[in-house]
Amino acid sequence: MTLRVYNTLTRQKEDFKPKQPGKVGMYVCGPTVYKPSHIGHMVGPVIFDTVKRYLTYLGYQVTWVVNITDVDDKLIVRSKELNTTVKQLAEQMTADYLDCLKQLNVTGIDLMPKATEHIPQMIEIMQGLIDKGYAYPAGGDVYFDVTRDEDYGKLCNRDPEQLEAGARIEVSAKKRSPGDFALWKGSKPGEPAWDSPWGPGRPGWHIECSAMSMKYLGQTLDIHGGGLDLQFPHHENELAQSESYTGQPFANYWMHNGLLKMGQAKMAGSVGNVVNIADLLQRHSAETVRFLLLNTHYRSPIEYSEERLAEVKRSLDSFHRFFERFARITGQNFLALPVRKSDELKLSGPLQESVSPLQRRFLECMDDDFNTGGAVGVLFELLTVLNRFADTAKLEAEKTEPALTEFINGVLVLRSFSEILGLFWQAQAQEAGGNTQLVNGLMQLLIDLRAEIRTEAKGVADKAQKGKLFALTDKIRARLAELGVTLEDRPGGTGWRLG
RNA sequence: GGCCCCUUAGCCAAGUGGUAAGGCAGUGGAUUGCAAAUCCGCCAUCCCCGGUUCGAAUCCGGGAGGGGCCUCCA
């Protein structure tokens, strides 16, 4: 099997081949840290985290870099509004971003360089571009000259002439052509500024990504990722300046993730329909959110709504019920199981016949341009197979070998796959919370009393009497249901859960 | 005006030439004292029209509807 990746540059799926065998350098555009993160900001990180997880699973050594843009016009404006400094605002919002990543189980980022800490590298590139005639200083600014770059527009299929024709932007008088973009912006008094050969100023939007990606991953990246909305102008300009500077291909594979949709429109600060992550995580578990993002193919828009989240939560619940069932049968915690590669797991017996095709299909999905939506579907099928096996083998009642070992091996496959997707890393809130010693004790009391009545009822011959006793046990269950507690009479005894 | 993309059941969503994964909801059954949970079954011919092909949701042309980018945006 070969991993295939859709490359925006060529608009087709290509076999994935890193420039250095066994190693992958991946760069993904990170946030401008001027406001708390909204859920749209997490689409890219969750997807590329999964990309890294799968590449790692395949045996690649992946280095993943995400930049932090900590100087920019928006930061300057916002810091004035809040009566704070750009630096302080950036630090606060960076902390917020990092917290969001952590909560969503985005664990794969190796480096998060900051723009303000790489000014010298940017100046070096700008000077090089000026020396080669690709850029020109003008009144304290430095601009990239798009007319000098012969293949400018190749990523987004844009023609500088057309840009000119359709330009709605106010063209700065300093620019030679309307499509030229700023590499360096001369500063006004009171704005953050760094010294440069062209006077005090700050970097333009695109140059930092070229400087930092090259510093940490070399002149040619294997994968460059980002949101679809960054294709133009950001990635186009990054590409233009980088390749003009090095004469080398900047990125071999450009991957763009779809945007989050609220109803018909995308979610974005500019549309004003953003959902804060901190707020969101008050209402839904991080796992539900991550699952929602992975349920759709990464290049498609993702449907976001409270109803969708509730729906996704319901489907996820069946996994957690299974984890509890697994614990009942084996005494082991699913979340603590060791992660092993699926093809290293030796399955045998009847379970193998149902699991093997699923193993194959899961990996085929991931190989096909990281089709997490399809892979998730396989995960559900695996769940059904495992439940069916536990039913058929009567594992809860008998726990006989070799069925038990077979079962555990099957569950290890589920564990392996959920690790690739980064799912199921924490107990559900209701499992962790609520179950205090007192509550557990009280519940056990009710369950025991009810069990006694049930046993008695079953032994009573008189129909009226029997009905009376059962009515009582049902009343206990109904009253608990009103409190949000569900009783489950299983073969091995009665259990309870919230919800 | 230019450049991209999308349209699959009530809803969400895989599938890009060989006869429609999965989830939610619904529904019939097994199981249960009754439930819950679990399992089994049912539930779409793929926006419309035309073409290519032995064969198309999948390719081509036209139409309708929707979205993204061209300005900051993950």
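So that the names make sense, note that chain A is the first sequence line, chain B the second, and so on, each numbered from 1.
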Aromatic centroids of [Y] and [X] separated by under 6.0 Å:
X	Y	result
A:H235	A:H206	no
A:H224	A:F250	yes
A:F319	A:F380	yes

Taking donor-acceptor contacts at under 3.5 Å, does the side chain of [X] reach the base of [N]?
X	N	answer
A:R314	B:G23	no
A:R299	B:C5	no
A:D489	B:C34	yes
A:Q231	B:G68	no

Would you indicate, yes or no, if [N] has its OP1 or OP2 atom less than 4.0 angstrom from a side-chain nitrogen or oxygen of [X]?
X	N	result
A:N157	B:C4	yes
A:S300	B:C5	no
A:K266	B:G68	no
A:N371	B:G15	yes
A:N387	B:C39	yes
A:R321	B:U38	yes

Starting the side chain at C-beta, find the nucleotide from [options] nearest to [X].
X	options	result
A:R497	B:G23, B:A13, B:A36	B:A36
A:Q264	B:A14, B:U38, B:G67	B:G67
A:F232	B:C70, B:A35, B:U38	B:C70
A:T32	B:U38, B:A74, B:C40	B:A74
A:E381	B:G33, B:A74, B:G22	B:G22
A:R454	B:A13, B:C34, B:C11	B:C34
A:H38	B:C24, B:A74, B:A13	B:A74
A:R158	B:C70, B:G67, B:A74	B:C70
A:L259	B:G68, B:A35, B:G22	B:G68
A:S318	B:U38, B:C11, B:G15	B:U38

NZ or CZ of A:R4 within 45° of A:F16 ring axis and under 6.0 Å: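 Negative - A:R4 is either too far from the ring of A:F16 or too far off its axis.
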Do the numbers put A:K74 on top of the ring of A:Y34, so that NZ or CZ is under 6.0 Å from the six-membered ring centre and no more than 45° off the axis?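 Yes; both conditions hold, so A:K74 lies above the ring face of A:Y34.
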Backbone N/O of [Y] and side chain of [X]: donor-acceptor pair under 3.5 Å:
X	Y	value
A:S242	A:S210	no
A:R53	A:E419	yes
A:Q103	A:A286	no

What contact category does [X] fall into here, base, sugar-phosphate, or nothing, at under 4.0 angstrom with non-hydrogen atoms?
X	result
A:L230	sugar-phosphate
A:M42	nothing
A:T384	sugar-phosphate
A:G373	base
A:G40	base
A:G227	sugar-phosphate
A:H297	sugar-phosphate
A:R450	base

Figure out the [atom1]/[atom2] separation between [X] and [N], and round it to whole Å.
X	N	atom1	atom2	result
A:N7	B:C5	CG	P	14 Å
A:H235	B:C70	NE2	C1'	16 Å
A:Y6	B:C6	OH	C1'	12 Å
A:R388	B:A30	CZ	P	19 Å

With both distances under 3.5 angstrom, what nucleotide forms a Watson-Crick or G-U wobble pair with [N]?
N	result
B:U32	none
B:U27	B:G41
B:C72	none
B:G50	B:C60
B:A20	none

For residues 470-477 of chain A, which residues have at least one heavy atom under 4.0 Å from RNA chain B?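 The stretch gives A:F470, A:T473, A:D474, A:R477 as the residues lying under 4.0 Å from the strand, ordered by number.
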Are side-chain N/O atoms of A:E208 and A:T69 paired as donor and acceptor at under 3.5 Å? yes
Return yes when atom CD of A:E81 has more than 12 non-hydrogen atoms of other residues, nucleotides or ligands closer than 6.0 Å, and no otherwise.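 More than 12 heavy atoms, drawn from other residues, nucleotides or ligands, come within 6.0 Å of this atom.
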Assert: residue with more 5' nearest nucleotide on RNA chain B, out of A:K13 and A:V385, is A:K13
